[in-house]
Student: 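Take this structure first; my questions come after.
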Amino acid sequence: MRVLVTGAGGRLGSAVLSRLRDDGLAVRATSRRPRTGSGVDWVVVDLASGDGLVEAVTGVDAVLHLASSPRGRTHQVDVLGTRRLVVAAGAAGVRHLVYVSIVGVDRVPFAYYRHKLAAEQVVAAGPVPWSVLRATQFPEFLDDLLASSARLGPVLGDRAVLAQPVDLDEVAARLAARLAAGPLGGIEEFGGPQVLRFDEAVRTWREARGSRRPLLPIRIPGRLGRELRAGGLLTEALPRGVRTWGDHLRDTYGGTARR
């Protein structure tokens, strides 16, 4: 199988490339800028304009669509870019398109999630047999969020928000399995092994870093806060990942105290 991976330069993309190479697949990877290395065939593609798309999808059997732009041009990249990709893949005879989304896009009223949900709908309505994998939040995302919040002093957050971190490599393995299984024609969810309250995640994060920064609780208002506290980011789907938030913290910070 020859697989095209969009957005291959990101965190999940790196894990996916490693997994697909280990599985012996021929991989073509897209990036907005020229790249080399990782044992794959890199091509330059801009989903916002469509430049490079036709060449990228030519001759591939499946597309693993990871590319996203949460910090700008989101509609242009995630929705319109996905539509461009689906159309080009259909014309090229691609037999399976797997789209990576997020658990909660259909419940949590967050602007980025609305774009992800719209992209799911584009994939489902397109000419290519498809699968959608919704994953819960990566521990790296939660780690970055806490570090950013703590830069000016206390860690800010709604202590009752619930999260279910899932390991990047385990998501990559799930995606590889989905490629091997063929089109689902539906949505699969995949989450981490444990549900954490925000205040619990902060406590263990502080211990791992040797930090004394306190948690300054705030309450996220409105429907957004209600959904986050009610478990809008969680899934009960099985199987689940096995690596915990604590595993991530030990791997990242080890025994070195950081303040």
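All heavy atoms count here, side chains included; hydrogens, waters and symmetry mates do not. Predicted, not measured: the structure shown is a model, and the values here were computed from it.
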Student: When you compare the side chain of D41 with that of R2, does any pair of heavy atoms fall below 4.5 Å?
Tutor: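 Sidechains of D41 and R2: in contact.
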
Student: What I want to find out is whether D78 reaches R73 closely enough, with some N-O distance under 4.0 Å, to be called a salt bridge.
Tutor: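 Answer for the salt bridge query: no.
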
Student: Under a 4.0 Å threshold between the charged nitrogen and the carboxylate oxygen, would D144 count as salt-bridged to R11?
Tutor: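 D144 and R11: salt-bridged.
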
Student: Do Q194 side-chain atoms and W245 backbone N/O form a donor-acceptor pair below 3.5 Å?
Tutor: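 At least one qualifying donor-acceptor pair exists.
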
Student: Please give me the minimum heavy-atom distance between V166 and A135, naming the atom from each residue.
Tutor: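 Residues V166 and A135, closest heavy atoms: CG1-CB, 4.4 Å.
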
Student: Just how far is it from atom CG of D106 to atom CD of Q121, taken to the nearest 0.5 Å?
Tutor: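 Output value for this atom pair is 10.0 Å.
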
Student: Looking at residues at least two apart in the chain, or sitting in another chain, which of them share a side chain to side chain contact (heavy atoms under 4.5 Å, CB included) with A29?
Tutor: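 A29 satisfies side chain to side chain contact (heavy atoms under 4.5 Å, CB included) with A8, L17, V40, W42 once adjacent residues are dropped.
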
Student: Look only at the side chain of R213 and the backbone of A150, and say whether a donor-acceptor pair between them is shorter than 3.5 Å.
Tutor: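 Answer holds: yes.
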
Student: Step by step, would you call V3 with V63 a side chain to side chain contact (heavy atoms under 4.5 Å, CB included)?
Tutor: CA-CA 6 Å; V3 181; V63 173; over 6 Å; no

Student: Indicate yes or no for a side-chain donor-acceptor contact from K116 to the backbone of V100 under 3.5 Å, with no hydrogens or angles considered.
Tutor: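 Flag set: sc K116 to bb V100 pair under 3.5 Å.
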
Student: Is it the case that the side chain of Q164 and the backbone of T136 share a donor-acceptor pair, with hydrogens and angles ignored and the cut-off at 3.5 Å?
Tutor: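 Side chain of Q164 to backbone of T136, a donor-acceptor pair under 3.5 Å: no, none is there.
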
Student: Measuring only between side-chain heavy atoms, which start at C-beta, is I220 closer than 4.5 Å to V161?
Tutor: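 Yes - at least one pair of side-chain heavy atoms lies under 4.5 Å apart.
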
Student: Specify the closest pair of heavy atoms between L162 and R229, including all atoms of both residues, with the distance to one decimal.
Tutor: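 Answer, listing the atom of L162 first, then R229: CD1-O, 3.5 Å.
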
Student: Taking all heavy atoms of P193 and all of T244, pick out the closest pair and write down the distance.
Tutor: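 Smallest interatomic distance, heavy atoms only, reads CG-CG2, 3.9 Å.
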
Student: Just how far is it from atom CG of L215 to atom CZ of F198, taken to the nearest 0.5 Å?
Tutor: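 The distance works out to 6.5 Å.
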
Student: Considering only NZ, NE, NH1 and NH2 on the basic side and carboxylate oxygens on the acidic side, decide whether D51 and R32 come within less than 4.0 Å.
Tutor: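 Salt bridge flag = no for R32 with D51.
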
Student: Taking only distance into account, with no hydrogens and no angle test, what donor-acceptor pairs under 3.5 Å do side-chain atoms of residues 169-186 form with protein atoms, sequence neighbours excluded?
Tutor:
from: E170; atom 1: OE1; to: V242; atom 2: N; distance (Å): 3.1
from: E170; atom 1: OE2; to: V242; atom 2: N; distance (Å): 3.1
from: E170; atom 1: OE2; to: R243; atom 2: N; distance (Å): 3.2
from: R174; atom 1: NE; to: E188; atom 2: OE2; distance (Å): 2.6
from: R174; atom 1: NH2; to: E188; atom 2: OE2; distance (Å): 2.7
from: R178; atom 1: NE; to: E188; atom 2: OE1; distance (Å): 3.4
from: R178; atom 1: NH1; to: G182; atom 2: O; distance (Å): 2.9

Student: Over all heavy atoms of both residues, which pair between G90 and P127 is shortest? Give the atoms and the distance, please.
Tutor: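 Heavy atoms only, the tightest pair is CA-CG, 3.9 Å.
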
Student: Honestly curious: do V77 and L4 fall in one hydrophobic cluster under the side-chain, below-4.5 Å linking rule?
Tutor: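 Yes, one cluster joins them.
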
Student: Is there a donor-acceptor contact under 3.5 Å from the side chain of R107 to the main chain of G232?
Tutor: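 Present.
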
Student: Distance-only, no hydrogens or angles: does the S148 side chain make a donor-acceptor pair with backbone N or O of L145 under 3.5 Å?
Tutor: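 No: the side chain of S148 does not pair with the backbone of L145.
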
Student: Quick one: closest heavy-atom pair of L216 and P154, and the distance?
Tutor: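 So the two residues come closest at CB-CB, 3.8 Å.
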
Student: For L249 and T204, what are the C-alpha separation, side-chain angles and deciding distance, and is it a side chain to side chain contact (heavy atoms under 4.5 Å, CB included)?
Tutor: CA-CA 8 Å; L249 293 175; T204 53; 3.9 Å; yes

Student: Does one hydrophobic cluster hold both F190 and I102, with members joined at side-chain heavy-atom distances below 4.5 Å?
Tutor: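 Different hydrophobic clusters.
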
Student: With distance as the sole criterion, is a donor-acceptor pair present between the side chains of S101 and Y113 under 3.5 Å?
Tutor: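 There is no such pair between these side chains.
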
Student: Rounded to the nearest 0.5 Å, what's the gap from CG on L142 to NE2 on H248? Could you check?
Tutor: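 If we round to the nearest 0.5 Å, L142:CG and H248:NE2 are 8.0 Å apart.
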
Student: Determine, step by step, whether W130 and V98 satisfy the side chain to side chain contact (heavy atoms under 4.5 Å, CB included) criterion, reporting the C-alpha distance in whole Å, the side-chain angles of both residues, the deciding distance to 0.1 Å, and the verdict.
Tutor: CA-CA 6 Å; W130 61 280; V98 181; over 6 Å; no

Student: Report yes if some heavy atom in the side chain of S68 is under 4.5 Å from a heavy atom in the side chain of Y112; otherwise report no.
Tutor: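 Yes. Closest side-chain heavy atoms under 4.5 Å.
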
Student: Group every Ile, Leu, Val, Met, Phe, Trp and Tyr by side-chain heavy-atom contacts under 4.5 Å, then state whether L224 and L117 land in the same group.
Tutor: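 Yes; tracing contacts between hydrophobic side chains, which count when under 4.5 Å, links both residues.
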
Student: For S31 and R35, does a side-chain donor sit closer than 3.5 Å to a side-chain acceptor?
Tutor: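 Indeed, the side chains of S31 and R35 share at least one donor-acceptor pair under 3.5 Å.
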
Student: Can you tell me how far apart CG (D199) and CZ (R159) are? Round to the nearest 0.5 Å.
Tutor: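 The CG atom of D199 sits 6.0 Å away from the CZ atom of R159.
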
Student: Taking it one step at a time, do R250 and D247 satisfy salt bridge (charged side-chain N to carboxylate O under 4.0 Å, His left out)?
Tutor: CA-CA 5 Å; R250 281 189 292 273; D247 292 332; 2.5 Å; yes

Student: Indicate if L64 and V60 have the same hydrophobic cluster label, given that clusters are the connected sets of ILVMFWY residues with side-chain heavy-atom separations under 4.5 angstrom.
Tutor: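 They do not share one cluster, since no chain of ILVMFWY contacts under 4.5 Å joins L64 to V60.
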
Student: Mind checking the NE2-OG1 spacing from H75 to T82? Nearest 0.5 Å is all I need.
Tutor: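 Answer for the NE2-OG1 pair, H75 versus T82, is 10.5 Å.
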
Student: If we ignore hydrogens and angles and just use 3.5 Å, is the side chain of S149 paired with the main-chain N or O of V155 as donor and acceptor?
Tutor: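 It does not hold such a pair.
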
Student: When you group the ILVMFWY residues by side-chain heavy-atom contacts below 4.5 Å and let the links chain together, are V103 and L66 in the same group?
Tutor: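 In one cluster with L66: V103, no.
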
Student: Under a 3.5 Å cutoff, is there a donor and acceptor pairing between the side chains of H115 and T74?
Tutor: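 Absent: no donor and acceptor within the cut-off.
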
Student: Y253 and D143: which non-hydrogen atoms are nearest, and at how many Å?
Tutor: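 Reported closest heavy-atom pair: OH-OD1, 2.7 Å.
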
Student: Quick one: do R219 and D158 make a salt bridge, cutoff under 4.0 Å?
Tutor: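 Looking at D158 together with R219, the answer is no, because their closest N to O distance does not fall below 4.0 Å.
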
Student: In terms of side-chain geometry, is the basic nitrogen of R19 or D23 positioned less than 4.0 Å from the acidic oxygen of its partner?
Tutor: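 Answer for the salt bridge query: yes.
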
Student: Measure the CD-CG distance between Q137 and L196 for me, rounded to the nearest 0.5 Å.
Tutor: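 Reported value, rounded in 0.5 Å steps: 12.5 Å.
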
Student: Using the side-chain contact (heavy atoms from CB on, under 4.5 Å) rule, pick out the option among L47, V5, V57, V43 that qualifies with T30.
Tutor: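 Of all the options given, the one that passes is V43.
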
Student: Checking the side chain of S18 only, and the main-chain atoms of S14 only, is there a donor and an acceptor separated by less than 3.5 Å?
Tutor: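 Not confirmed, S18 side chain does not pair with S14 backbone.
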
Student: If we count only N and O atoms by modelled type, under 3.5 Å, do the side chains of D61 and H96 hold a donor and an acceptor together?
Tutor: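 Looking only at side-chain atoms, H96 and D61 do not form any donor-acceptor pair under 3.5 Å.
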
Student: Quick one, E120 with R134, criterion side chain to side chain contact (heavy atoms under 4.5 Å, CB included). Give me CA distance, side-chain angles, the key distance, then yes/no.
Tutor: CA-CA 10 Å; E120 288 185 5; R134 290 178 180 169; 2.8 Å; yes

Student: Is it the case that over 12 heavy atoms from other parts of the model lie below 6.0 angstrom from the CZ atom of R95?
Tutor: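 Counting neighbours around CZ of R95, 12 or fewer heavy atoms of other residues, nucleotides or ligands fall under 6.0 Å, so no.
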
